[in-house]
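So that the names make sense, note that chain A is the first sequence line, chain B the second, and so on, each numbered from 1. On a predicted model such as this, the values are computed, not experimentally measured, just so you know.
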There are 2 protein chains.
Amino acid sequence: MRHTYHDVEFCATRVALGLLAGKWKPIILFHLFGGPRRFTELWRGIPRVSKKVLLEQLRQLETAGLVERTVHNGFPPEVTYQLSAKGTELGPILRRLDQWAMTHIEGVVQIS
Amino acid sequence: MRHTYHDVEFCATRVALGLLAGKWKPIILFHLFGGPRRFTELWRGIPRVSKKVLLEQLRQLETAGLVERTVHNGFPPEVTYQLSAKGTELGPILRRLDQWAMTHIEGVVQIS
DNA sequence: TGAACGGGTTACCAGCCGGTAACCTTCTTG
DNA sequence: CAAGAAGGTTACCGGCTGGTAACCCGTTCA
């Protein structure tokens with residue numbers, strides 16, 4: 001079963017945008033561009049997101065391969081989230097998108 | 001009422017991704033990167049999208065200011081959609097995202 | 001001893017988004 | 001004269017996403 005470039009499921013950009021789709025994901029990523037962060041650290045750093053939703057978005061970023069989760073055993077067993085190589089390479093692209101938005105959209109603000 | 005860079009509503013990247021969010025929008029944009037297209041031309045060029053949904057996505061791109069709709073009166077009164085300056089400037093960014101996806105995601109295909 | 005913290009989990013719900021199918025108007029073509 | 005094309009519109013519907021609120025377990029601190 002050959003697919004053509006028309007098939008929406010195989011459109012690279014669409015799939016990429018799909019990985020980034022999620023209300024809190026860009027913000028999470030911008031936090032992680034600053035280095036590894038603990039769960040609670042992210043939670044405190046991003047007001048108005050619930051633990052449940054934050055966790056969902058992190059897990060989705062993780063299964064997308066953009067973020068890695070590490071459990072450091074010891075007590076308290078801290079959990080950190082950090083960008084993978086794949087995720088890090090998105091940095092420059094998101095920054096350009098950020099620039100684009102700031103020059104073209106009213107009322108928008110730089111986050112990082 | 002000051003807002004901080006934390007406020008998700010003002011995160012530039014998130015707003016930009018919001019404009020691009022929509023199942024068919026990247027495909028529509030890639031078609032329009034090739035020049036102005038008539039409604040039916042787009043509809044035929046993008047299999048499996050209904051007129052209603054295609055029109056919705058086009059209208060959203062239009063109110064986002066990425067796409068311009070022109071009615072050429074005459075008969076039949078053809079309607080064309082083309083990128084605005086703002087939309088055109090997204091081109092290079094989407095292409096980079098496309099590149100990123102093609103090197104990092106399995107089974108994905110270049111559309112333009 | 002009990003309160004708080006870290007990192008979650010569970011139950012439940014509302015709204016939006018995309019999808020199907022039918023219909024419409026004006027004009028042209030066989 | 002009927003059918004089709006162009007560019008839509010309308011009614012209706014199911015599933016996913018994000019949201020709230022409460023709960024949980026193990027550990028450390030006052």
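- Remark: P of dC27(C) and CG of N73(B) are 12 Å apart, rounded to the nearest angstrom.
- What separates NZ of K23(A) from C1' of dG15(C) is a distance of 12 Å, to the nearest Å.
- With a 4.5 Å cut-off on side-chain heavy atoms, L66(B) and L20(B) count as touching.
- Atom-to-atom, CD1 of I27(A) to P of dG18(D) comes out at 13 Å; the value is rounded to the nearest Å.
- Residues satisfying the side chain to side chain donor-acceptor pair (under 3.5 Å) criterion with T63(B), sequence neighbours excluded, are absent altogether.
- As rounded to whole Å, 11 Å separates atom P of dG18(C) from atom CG of L61(B).
- Of the candidates dG6(C), dA5(D), dG18(D), the closest approach to any side-chain atom of R44(B) belongs to dA5(D).
- Comparing P77(A) and K52(A) by the nucleotide of DNA chain C that holds the closest heavy atom to each, the one mapping nearer the 5' end is P77(A).
- Of the candidates dG8(C), dG7(D), dG6(C), dG6(C) carries the atom nearest the T40(A) side chain, counting heavy atoms from C-beta on.
- In this structure, CH2 of W24(B) is placed 10 Å from P of dG18(C), rounded to the nearest angstrom.
- Between the C1' atom of dT9(D) and the CZ atom of R59(B) lies a distance of 9 Å, rounded to the nearest Å.
- When distances are taken from the side chain of L55(B) to each of dG6(C), dG7(D), dT9(D), the shortest belongs to dT9(D).
- Contacts of S50(B) with the nucleic acid, taken as non-hydrogen atoms under 4.0 Å apart, include base atoms.
- Here dG7(C) presents its C1' atom at 15 Å from CD of E56(A), a figure rounded to the nearest Å.
- For Y81(A), whose side chain is taken as the heavy atoms from C-beta onward, the closest listed nucleotide among dA5(D), dG6(C), dG8(C) is dG8(C).
- If you check every strand for non-hydrogen atoms under 4.0 Å, Q57(A) touches sugar and phosphate atoms only.
- Residue-level contact check: K51(A) touches the bases, meaning some heavy atom is under 4.0 Å from a base atom.
- Atom CG in L58(B) sits about 15 Å away from atom C1' in dT9(D), given to the nearest Å.
- The side-chain tip of R95(A) does not point at the ring of F30(A) from less than 6.0 angstrom away and within 45° of straight on.
- Note on ring orientation: taking the six-membered ring where Trp is involved, the planes of W100(B) and H104(B) are tilted (angle from 30° to 60°).
- At a threshold of 4.5 Å between non-hydrogen side-chain atoms, the residues K23(A) and R14(B) count as touching.
- The phosphate of dG6(C) (OP1 or OP2) has no side-chain N or O of R38(A) nearer than 4.0 angstrom.
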